[in-house]
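So the structure is just underneath, and the comments pick up after that.
Values reported hereafter were calculated over all heavy atoms of this structure, with side chains retained and with hydrogens, waters and symmetry mates removed.
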Amino acid sequence: MIRIDTHQHFWNLDEVAYPWLTPDMGPIYRNFDADELAPQLTAAGVKHTVIVQAMNSYADCDSMLAIAAEYDWVAGVVGWLPIHDPAETARKLDEYGGNPFFKGVRHLIHDEPNPDWVVQKQVIEGLQLLADAGLTFDVVAVFPDHVKHVPTLAERVPNLRMVIDHLAKPPLAAAERAVWRQQLAAAAECPNVYAKVSGLNTVTADFENWSYEDIKPLVDTAVELFGVERLMFGSDWPVSLLAGDYAKVWRETQKCLAELSEQELDAILGGTGNAFYGLGL
């Protein structure tokens with residue numbers, strides 16, 4: 001089965017503005033391009049990727065689509081549309097909708113001052129436009145403010161396929177983790193909701209010395225709640241460099257999945273992402 005990384009980013013600070021990306025971000029405060037990632041994919045045996053937006057801007061979206069057109073291992077792009085403005089979203093859908101790499105949309109909802117931003121009436125209308133166009137929605141559901149809204153979105157836009165990025169960034173504290181599990185379970189009850197096994201290295205207590213043992217309970221929870229047919233792998237590169245390199249994320253994630261059958265492993269590491277984003281691989 002083909003291996004797909006369903007969550008990676010590129011950015012060029014000289015060409016596109018990323019206000020959230022500041023010097024205090026250390027190793028990720030620089031440009032990251034496709035030529036840097038390519039050999040790491042080859043070493044891991046990952047054949048294709050999905051580039052995911054890193055800024056709510058057309059400039060970031062256009063940059064990703066240009067890269068996808070140039071590199072044959074890029075299978076799709078999760079771009080950006082102003083879903084809070086349905087009229088503008090409809091207009092841009094006419095433009096981006098014809099691009100074969102444009103597979104879905106994401107908005108940095110965790111950066112919005114209003115924690116209930118995503119369930120506003122106009123946003124729901126924008127999400128319905130995505131659903132009707134056959135596009136997906138990546139939910140940046142950072143605990144505790146966002147994942148609780150996923151069941152509401154699933155009910156109001158039942159034909160929208162959604163994926164929760166990074167398992168909603170599980171908290172470290174046991175009491176909070178119990179609430180996280182409850183909220184994730186409620187989201188998993190909705191058949192149109194998927195999740196990404198991604199970004200978990202940056203929710204560990206020790207960025208330098210974490211191992212699969214630190215994230216396996218989180219992965220096990222996701223497998224239990226969603227099943228392999230609604231789970232997909234993502235590296236979250238280059239954000240992942242805050243706590244290890246691409247090879248470590250790939251290696252330790254596979255250790256977490258070692259108890260699965262070959263068929264189940266193939267689903268998480270490729271099949272689910274291929275089907276969810278309609279990559280046609």
_Distance flag, aromatic centroids of Phe102 and Tyr96, threshold under 6.0 Å_ = yes

Quiz prompt | Residue Lys47 excluded, over 12 heavy atoms near NZ under 6.0 Å | solution = no

Partner of Lys196 under side chain to side chain contact (heavy atoms under 4.5 Å, CB included), picked from Val52, Val139, Ile268, is Val52

Assess the residue pair Arg181 and Glu224 against the criterion (salt bridge (Lys or Arg N to Asp or Glu O under 4.0 Å)); give the C-alpha distance rounded to whole Å, side-chain angles, the decisive distance to 0.1 Å, and a yes or no. CA-CA 11 Å; Arg181 180 190 169 90; Glu224 174 191 347; 2.7 Å; yes

Output for pair (Phe233 CZ, Thr272 OG1), nearest 0.5 Å, gives 13.5 Å

Distance col, row Leu279:CG vs Thr49:OG1, nearest 0.5 angstrom, shows 9.5 Å

Honestly, is Lys148 close enough over Trp180, meaning NZ or CZ under 6.0 Å from the six-membered ring centre and within 45° of the axis?
no

Evaluation steps, side-chain contact (heavy atoms from CB on, under 4.5 Å), between Ile83 and Phe137: CA-CA 10 Å; Ile83 52 175; Phe137 183 54; 3.8 Å; yes

Verify, without hydrogens or angle tests, whether Trp11 (side chain) and Met55 (backbone) share a donor-acceptor contact under 3.5 angstrom.
no

Partner of Leu37 under side chain to side chain contact (heavy atoms under 4.5 Å, CB included), picked from Trp73, Phe32, Tyr71, is Trp73

Is there a donor-acceptor pair under 3.5 Å between the side chain of Asp145 and the backbone N or O of Pro115?
no

Is a side-chain donor or acceptor of Arg3 paired with a backbone partner of His48 at a separation under 3.5 angstrom?
-> no

Quiz prompt | Main-chain N/O of Ala188 paired with Arg230 side-chain donor or acceptor, under 3.5 Å | solution = yes

Original post:
Between Trp117 and His107, is the gap from one ring center to the other below 6.0 Å?
Top reply: yes

Note to self: Is the shortest side-chain heavy-atom distance between Leu257 and Val219 below 4.5 Å?
What the structure shows: yes

Ion pair present between Glu95 and Arg91, side-chain N to carboxylate O less than 4.0 angstrom?
no

Could you walk me through whether Asp132 and Asn159 pass side chain to side chain donor-acceptor pair (under 3.5 Å), step by step? CA-CA 8 Å; Asp132 293 344; Asn159 60 330; 3.2 Å; yes

Parallel, tilted or perpendicular: which fits the ring planes of Trp80 and His84, with parallel below 30° and perpendicular above 60°? tilted

Taking Arg106's backbone N and O only, do any of them form a donor-acceptor pair with Asp138's side chain (distance below 3.5 Å, no angle check)?
no

Handout entry: Glu176 side chain to Ala173 backbone, donor-acceptor under 3.5 Å
Key = no

Going through the distances and angles, do Arg161 and Leu130 end up as a side-chain contact (heavy atoms from CB on, under 4.5 Å)? CA-CA 9 Å; Arg161 287 171 295 137; Leu130 301 186; over 6 Å; no

d(Asp5 CG, Ser198 OG) to nearest 0.5 Å is 9.0 Å

* Asked: When the aromatic ring centroids of Trp237 and His7 are compared, is their separation below 6.0 Å?
  -> no

